[in-house]
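Remarks on the structure that follows.
Nothing here was measured: the structure is a model prediction, and the numbers come from that model.
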Amino acid sequence: MLDYGNAREFHGAVARVCAPARLHLGFLDLNGNLGRRFGSLGLAIDTFQTRVVVASDGEYLEEIARPDLEGHTQSQRRAETYLDRLATHFGLSPRRWRVCVEESIPAHSGMGSGTQMSLAVGTALQRLANLETNSRNLATILDRGGRSGVGIGAFDLGGFLMDCGRTEGGEPPPILSRIEFPSEWRILLILVNDVQGLHGSAESGGFAQLPVFPQERAAHLCHIALMQVAPALMERDLDGFGRGIGEIQRTVGEHFAPAQGGRFASPAVARVLAWAQSLGFEGVGQSSWGPTGFVILPDERTAQEVSAKANRRFSDEKSLHFRTVAASNHGRRVSEVCPEASL
């Protein structure tokens, strides 16, 4: 049991935390007969991020923070809720702490917006108030990491991550493996403007209506993850890595099809991914409940070429847009700043 009674507050201090978005690349064991369920693969990416500023004096925020205007109300309210809950939990006065969201990951897009926001706010408060805690504990307090630990791993470590699943009623899943993702590889994201992935009660309901996942299928996915995906990544074998991710995506997508109306949440994304596969790219799929899709590619030049072709071929799909990103091989960045500093 951690003792928070001696938590020390730094009056007038300000902390900024930047956290990378993550892609959830698939579950490994939806059967859970060994006592741990889910198990996940994930990847931190370098383009979308959550950036928050927390201060013990609200006046400082006006001098330092640059709030995100697009979608600001929703993300700001979310951050304030997390801050209030944490301050109360640790015995701090909620009134004297303020937060400003400078940038946020698109909500309900499959890129981990909730977990990254909660941990960014929690880490800023932890730094300012000198709290004896860590990301897994913060996630538990804020009801994050209920199924997957790769969002927490992306926040702390970046890179490619594998967690080993969660026990019934246990803490967020621990990270089993973290592998550096090749810096030259790229991910083409397929983004959708008018679709959101399942979340909240709809997500819980989606899980509840799924059939039992066969044990032999879970064993198959774990075999692929351990004996194909991980070693291929370590040896920079894009074909082997892509085949493994594609097989995990197919198997899990078919299982989730009854809850989301097909293997993918967006029919438009499904068409793009089928087209990418027809070009020979096997590392395709959907992040979490989507709708964001992804295609794993060997380098920047190929990514730009595929993106340009996709824009031409799917120009009539007005809700779609494409973005090329790289992996983020580092986790969150924290800086303590003074009101006089210009960042």
Handout entry: Sub-4.5 Å side-chain heavy-atom contact between Gln249 and Val284
Key = no

Enumerate donor-acceptor pairs with a distance under 3.5 Å from any side-chain N or O in residues 218-232 to protein atoms, sequence neighbours excluded.
unit_1 : atom_1 : unit_2 : atom_2 : d
His220 : NE2    : Glu247 : OE2    : 3.0
Gln228 : NE2    : Gly240 : O      : 3.0

Handout entry: Main-chain N/O of Glu184 paired to Asp299 side chain as donor or acceptor, under 3.5 Å
Key = no

Practice task
Would you indicate whether the side-chain heavy atoms of Asp84 and Trp97 approach each other to under 4.5 Å?
Solution key: no

Problem - N/O donor-acceptor pair under 3.5 Å between Gln76 side chain and Val101 backbone - result: yes

Exercise for the section: Might you confirm whether atom CZ of Arg301 has over 12 heavy atoms from other residues, nucleotides or ligands at distances under 6.0 Å? Expected result: no

Problem - Sidechain-backbone polar pair: Arg37 side chain, Leu30 backbone, donor-acceptor under 3.5 Å - result: yes

Problem - Nearest non-hydrogen partners of Met117 and Ala79, listed with the distance - result: SD-CB, 3.9 Å

Completion exercise
Taken to the nearest 0.5 Å, the spacing of Thr123 OG1 from Arg16 CZ works out to 15.0 Å

For residues 148-175, which side-chain donor-acceptor pairs fall under 3.5 Å, sequence neighbours excluded?
unit_1 : atom_1 : unit_2 : atom_2 : d
Ser148 : OG     : Ser40  : OG     : 3.2
Ser148 : OG     : Val150 : N      : 3.2
Asp156 : OD1    : Ser135 : OG     : 2.7
Asp156 : OD2    : Ser135 : OG     : 3.4
Asp163 : OD1    : Ser40  : N      : 3.2
Asp163 : OD1    : Gly165 : N      : 2.9
Asp163 : OD2    : Gly149 : N      : 2.7
Arg166 : NE     : Gly170 : O      : 2.9
Arg166 : NH1    : Gly145 : O      : 3.1
Arg166 : NH1    : Gly146 : O      : 3.4
Arg166 : NH2    : Gly170 : O      : 2.5

Practice task
Would you check if the side chain of Ser278 reaches a backbone N or O of Trp275 as a donor-acceptor pair within less than 3.5 Å?
Solution key: yes

Exercise for the section: Please test Val306 against Phe322 for side chain to side chain contact (heavy atoms under 4.5 Å, CB included), starting from the C-alpha separation and ending with a verdict. Expected result: CA-CA 10 Å; Val306 174; Phe322 304 94; over 6 Å; no

Exercise for the section: Answer yes or no: is there a side-chain heavy-atom contact under 4.5 Å between Leu188 and Ile296? Expected result: no

Practice task
Anything under 30° is parallel, anything over 60° is perpendicular, the rest tilted; go ahead and classify Phe38 against Phe27.
Solution key: tilted

Practice task
Please name the pair of heavy atoms, one in Pro214 and one in Asn31, separated by the smallest distance, quoted to 0.1 Å.
Solution key: C-ND2, 3.9 Å

Handout entry: Euclidean distance, Arg136 CZ relative to Leu138 CG, rounded to 0.5 Å
Key = 12.0 Å

Exercise for the section: Can you measure from CD (Glu180) to CE (Met234) and round to the nearest 0.5 angstrom? Expected result: 11.5 Å

Fill in the blank from the handout: Nearest heavy-atom approach of Val295 to Ala276 is CG2-CB, 3.9 Å

Practice task
Could you grab the distance from atom CG of Leu86 to atom CG of Leu92, nearest 0.5 Å is fine?
Solution key: 9.5 Å

Problem - Donor-acceptor under 3.5 Å (Ser266 side chain, Val269 main chain) - result: yes

Completion exercise
Across all chains, not counting sequence neighbours, the side chain to side chain contact (heavy atoms under 4.5 Å, CB included) partners of Ile187 are Leu23, Leu43, Phe181, Leu189, Phe294, Val325

Handout entry: Under 3.5 Å donor-acceptor, Gln277 side chain and Gly280 backbone
Key = no

Exercise for the section: Quick one: pull up CG in Leu233 and CG in Leu41 and give me the separation to the nearest 0.5 Å. Expected result: 10.5 Å

Handout entry: With Val121, the side-chain contact (heavy atoms from CB on, under 4.5 Å) member among Thr81, Leu83, Val17
Key = Leu83

Fill in the blank from the handout: side chain to side chain contact (heavy atoms under 4.5 Å, CB included) filter on Pro267, not counting sequence neighbours, yields Arg271

Handout entry: Main-chain N/O of Leu297 paired to Thr302 side chain as donor or acceptor, under 3.5 Å
Key = no

Fill in the blank from the handout: Shortest non-hydrogen pair, Gly285 vs Leu273, comes out as O-CD1, 3.5 Å

Exercise for the section: Give the C-alpha distance, both sets of side-chain angles, the deciding distance and a yes or no for side chain to side chain contact (heavy atoms under 4.5 Å, CB included) between Val14 and Val54. Expected result: CA-CA 6 Å; Val14 182; Val54 174; over 6 Å; no

Problem - No-hydrogen, no-angle side-chain donor-acceptor test under 3.5 Å, Gln215 and Asn33 - result: yes

Handout entry: same_hphob_cluster(Val212, Leu34) at 4.5 Å side-chain heavy-atom cutoff
Key = no

Problem - Side-chain heavy-atom pair Glu103, Cys18 within 4.5 angstrom cut-off - result: no

Exercise for the section: Determine yes or no for a side-chain-to-main-chain donor-acceptor pair under 3.5 angstrom, with Glu300 supplying the side chain and Arg186 the backbone. Expected result: no

Exercise for the section: Could you check whether the rings of Phe256 and Trp289 sit parallel, tilted or perpendicular, using 30° and 60° as the cut-offs? Expected result: perpendicular

Exercise for the section: Indicate yes or no for a side-chain donor-acceptor contact from Gln286 to the backbone of Ala265 under 3.5 Å, with no hydrogens or angles considered. Expected result: yes

Handout entry: Pro106: partners by side chain to side chain contact (heavy atoms under 4.5 Å, CB included), with sequence neighbours left out
Key = Phe48, Ser109, Met111

Fill in the blank from the handout: CG (Asn311) and CD (Glu317) are apart, to the nearest 0.5 Å, by 12.0 Å

Handout entry: Pair Arg178-Asn329, side chain to side chain contact (heavy atoms under 4.5 Å, CB included): steps then yes or no
Key = CA-CA 10 Å; Arg178 186 268 182 195; Asn329 281 311; 3.8 Å; yes

Handout entry: Parallel, tilted or perpendicular: ring planes of Phe241 versus Trp185, cut at 30 and 60 degrees
Key = tilted

Exercise for the section: For the residue pair Thr292 and Ile190, establish whether any side-chain heavy-atom pair is separated by less than 4.5 Å. Expected result: no

Practice task
Please tell me if the side chains of Tyr82 and Leu125 come closer than 4.5 Å, counting only heavy atoms from C-beta onward.
Solution key: no

Completion exercise
When Ser113, Ser104, Ser118 are each screened for side chain to side chain donor-acceptor pair (under 3.5 Å) with Arg78, the one that passes is Ser113

Problem - Pairwise side-chain contact, Val53 with Glu102, heavy-atom cut-off 4.5 Å (strictly under) - result: yes

Exercise for the section: Report the C-alpha separation of Leu28 and Ile248 in whole Å, then their side-chain angles, then the decisive distance to 0.1 Å, and conclude whether the side chain to side chain contact (heavy atoms under 4.5 Å, CB included) test is met. Expected result: CA-CA 8 Å; Leu28 299 177; Ile248 291 170; 4.2 Å; yes

Completion exercise
Residues at least two apart in sequence or cross-chain that pass side chain to side chain contact (heavy atoms under 4.5 Å, CB included) with Arg312, listed by chain then number, are Ala308, Lys309

Practice task
State whether the side chain of Arg85 and the backbone N or O of Ile141 hold a donor-acceptor pair below 3.5 Å, judged by distance alone.
Solution key: yes

Handout entry: pair Val52-Thr50: side-chain heavy atoms closer than 4.5 Å
Key = yes

